[in-house]
Amino acid sequence: MARILITSAIPYINGIKHLGNLVGSQLPADLYARYARARGHEVMFVCATDEHGTPAELAAAKAGKPVAEYCAEMHEVQKDLSDGFRLSFDKFGRSSSPQNHALTQYFAGRLADNGYIEEVSERQVYSKADGRFLPDRYIEGTCPNCGYDKARGDQCENCTKQLDPTDLIDPRSAISGSTDLEVRETKHLYLRQSLLKDELDAWISSKTDWPVLTTSIAKKWLHDEGGLRDRGITRDLDWGVPVKRGDADWPGMEGKVFYVWFDAPIEYIAATQEWADENGLGDAAWQRWWRTDKGADDVRYVQFMGKDNVPFHALSFPATILGSGDPWKLVDYIKSFNYLNYDGGQFSTSQGRGVFMDQALDILPADYWRWWLLSHAPETSDAEFTWENFQASVNKDLADVLGNFVSRVTKFCRSKFGEVVPAGGAYGPAEQAVTQQIAARLSSYERHMEAIEIRKAAAELRAIWAAGNEYLQEAAPWAAFKDDPDRAAAIIRFSLNLARLYGILSAPFIPDASAALLKALDAEDADWPQDVEAALQALPAGHGFTVPDNLFRKIADEEREDWQTRFAGQRG
RNA sequence: GGGCCUGUAGCUCAAUUGGUUAGAGCAGAGCGCUCAUAACGCUUUGGUUGGGGGUUCGAGUCCCUCCGGGCCUACCA
């Protein structure tokens, strides 16, 4: 038994996430967490809402609410949705928690003590009408190169040239449209991660088994244009973690907060502390996951995230940890994902294009989405959601292959032997052959799950389901029953045990259907099989069960067409 | 502009890292079965691996080039 720490990138607070966000971090992390628990490992799985930054303040203003209240409400909304998708977090925390405030300030203090913080005075655009400094992206104007009138301060979308906000002709605030802008002097803290470049480089280079996506992004940042650059970790905002040096004030930094990307990964640690506090456990309970001097030296730490998050997790957060000089746990494996596209384009939060978490659960149960999303996870390249593909996968894989197998076996048994595992006969060569085939596939399934090769694991699981139908066709209990009822009894006994096995093996992907299946078979205490042959004898003759309702329903063509038009754009 | 990823059957994806005749699922065709959610099983048709050139005994895989798609490019998060 091992100890595995799992974190999912924390979703931003300003709205409900779409399925592309879900499959890029939280859902695969949940799959891995459920699998690891099923294999008997001790797991700590944390996530949280990422609540700071300019967009949160603007979203709150738009909703006409104080930002703290807005974030508290949206946290509950996101919490309910993650429960709805059966995301099995040990703690779904908040980056605005007191624990994260204290830890973030603590890290900043340690970094300063060790010479990794630099105070930099810089000039930034301030909007008097908005009463705030504007990030480059929130300044609009006319592009000096191509004349496009909606160019942003960081880049012109039209001609793709990179810009400086001061390049823009007729600059205005993208928030209010105000042109009453001025350049003001402001002081910020920079994390001197350039000092850690060689150490980070050697560390990344040692991770030869990480996804190419992860290491290539990290190396690009390490080596691009003179190497890893220092990074500002404070902002002139109201909402966030106030800049302090540990417990002490930071002269000259009054009224400023830490940058959301500095405090967000620290929330992984803080969320674990939130979990410990909430359960009345002491500091040792969370520190044994995070401090290698306090028991975390045998922990394997795995992070899940979309590719846009890689630089922060592969470089900035490790720089924070290394620079602290404390024995905090560094990540052991970063699983990163490409993007999921929607029907020929991108999911778009701003345009309401695609399916969002709340809408998905309104139309179908979580398992249907979990199965499709995980079996099509964008691991090697961007993946594509289409309604036709979704419908085909759900109907074929879930309803026909798995659902119908359970249905035909349990109903046949009920009509010929009653709702009880039948006695008589014995397993023969046919059963031995299937047992061997499934044992081989199971070890392949386990290998893929351990390597977090999600699509391959899904394909193997499907093949394990299909083996049941192949066996049943070959063994033909409906024919055997006529002249050799004992043989039919053995076949059905074996098949019911197959169904139980499927309930166990499928649980990481489709937890609700698996639970319903095991409940119907009165086998809810089932453990992960150590030995397939033994597992296929777990339900003995005489064991009672009930025929379950159909585990999955099919998606009709009319429904699919309806959803297709409904989610094409302009949510609401 | 620079960097990275990607293009394989009608569709969604594989291919043990350069090794026999490029494989699965779905869709299509044929046959079988009748326990089951009109479900299941078996067989089968689909490929000049985006185009062109090169290296090699051997290239989907490596190199060059062209074409298409995508991401990142450090103040959105």
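Order of the sequence lines sets the chain letters (A, B, ...), proteins ahead of strands, with each chain counted from 1. No experiment lies behind these values; they were computed from the predicted model shown.
A14(B) and U49(B) have their C1' atoms separated by 13 Å, with the value rounded to a whole Å. For the C1' atoms, the distance from C13(B) to U56(B) is 30 Å, rounded to whole Å. Taking the P atom of each, C62(B) and G19(B) are spaced 11 Å apart, rounded to whole Å. Rounded to whole Å, the P atom of A74(B) lies 41 Å from the corresponding atom of U55(B). U8(B) and G51(B): their C1' atoms are spaced 15 Å apart (whole Å). Across U48(B) and C11(B), the matching P atoms stand 13 Å from one another, rounded to whole Å. Annotation: A15(B) and A59(B) have their C1' atoms spaced 13 Å apart (nearest Å). Taking the P atom of each, G50(B) and U45(B) are spaced 23 Å apart, rounded to whole Å.
A cation-pi arrangement is found for R235(A) relative to Y259(A), the charged atom lying closer than 6.0 Å to the ring centre and inside a 45° cone about the ring normal.
Residue E122(A) is in base contact, counting any heavy-atom pair closer than 4.0 Å across all strands shown. Using a 4.0 Å heavy-atom distance criterion, L213(A) is classed as making no nucleic acid contact. Note on N550(A): a base of the nucleic acid sits closer than 4.0 angstrom, heavy atoms only. Base engagement by F552(A) is indicated by at least one non-hydrogen atom pair under 4.0 Å involving a base atom. Within 4.0 Å of K219(A), counting heavy atoms only, lies no atom of the nucleic acid at all. Counting any heavy atom pair closer than 4.0 Å across all strands shown, A264(A) reaches no nucleic acid atom. As judged by a 4.0 angstrom heavy-atom cut-off over every strand, E384(A) is placed among residues touching the sugar-phosphate backbone only. Among the atoms of the strands shown, none is found under 4.0 Å from any heavy atom of G306(A). Using a 4.0 Å heavy-atom cutoff across all strands shown, G403(A) reaches at least one base atom of the nucleic acid. Residue-level contact check: S415(A) touches neither bases nor backbone, having no heavy atom under 4.0 Å from any strand. Looking at heavy-atom distances under 4.0 Å, Y339(A) makes contact with sugar-phosphate atoms alone, never a base. Heavy atoms of T54(A) sit under 4.0 angstrom from primed sugar atoms or phosphate atoms, though from no base atom. Among the heavy atoms of the strands, none lies under 4.0 Å from N395(A).
Both distances falling under 3.5 Å, in either a Watson-Crick or a G-U wobble arrangement, place G7(B) opposite C67(B). Checking C76(B) for Watson-Crick or G-U wobble geometry (two distances, each under 3.5 Å) identifies no partner in any strand. Judged by Watson-Crick or G-U wobble contacts below 3.5 Å, the nucleotide U12(B) has A24(B) as its partner. For A29(B), the paired base is U43(B) (Watson-Crick or G-U wobble, both distances below 3.5 Å).
Regarding contacts with the backbone of A77(B), a side-chain N or O of Y259(A) is found under 4.0 angstrom from either OP1 or OP2. Contact check, R414(A) against A36(B): no side-chain N or O comes under 4.0 Å of OP1 or OP2. Side-chain nitrogen and oxygen atoms of R408(A) include none within less than 4.0 Å of the OP1 or OP2 phosphate oxygen of C35(B).
Residues Y342(A) and E384(A) approach most closely at C-OE2, 4.5 Å, considering heavy atoms.
The base of A39(B) lies outside donor-acceptor range of the side chain of N404(A), with no N or O pair under 3.5 Å.
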Between the protein and nucleotides 42-44 of chain B, which nitrogen or oxygen pairs are less than 3.5 angstrom apart?
none

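No side-chain donor from either of Q26(A) and N21(A) sits under 3.5 Å from a side-chain acceptor of the other. Side chains of T214(A) and S336(A): a donor on one and an acceptor on the other come within 3.5 Å. Remark: the E460(A) side chain and the S444(A) side chain contain an N/O donor-acceptor pair separated by less than 3.5 Å.
Proximity of a side-chain donor or acceptor of Y12(A) to a complementary backbone N or O of A56(A) within less than 3.5 Å is detected. No side-chain donor-acceptor contact under 3.5 Å links Q303(A) to the backbone of A9(A). Between the N389(A) side chain and the T386(A) main chain, no donor and acceptor come within less than 3.5 Å of each other. Y502(A) places no side-chain N or O within 3.5 Å of a backbone atom of L517(A) that could act as its donor or acceptor partner.
When each of P477(A) and H376(A) is assigned the nucleotide of RNA chain B with its nearest heavy atom, H376(A) is the one assigned upstream, toward the 5' end. Mapping I10(A) and H223(A) onto RNA chain B by nearest heavy atom places H223(A) closer to the 5' end of the strand.
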So S194(A) and D230(A), side chain to side chain donor-acceptor pair (under 3.5 Å) or not? Walk me through it. CA-CA 6 Å; S194(A) 58; D230(A) 295 338; 2.7 Å; yes

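One finds no salt bridge joining R132(A) and D130(A) here, because no Lys/Arg side-chain nitrogen approaches an Asp/Glu carboxylate oxygen to under 4.0 Å.
Glycosidic torsion of G32(B) falls outside 90° of 0, placing the base in anti. In U55(B) the O4'-C1'-N dihedral to the base is more than 90° from 0, which defines an anti nucleotide.
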5' to 3', nucleotides 23-33 of chain B under a 4.0 Å protein heavy-atom cut-off (B base, S sugar-phosphate only, - none) gives --SS-----BS

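Checked against side-chain contact (heavy atoms from CB on, under 4.5 Å), A516(A) has the following partners two or more places apart in sequence or in another chain: L551(A).
Among the nucleotides C75(B), C40(B), A36(B), the one closest to any side-chain atom of S407(A) is A36(B).
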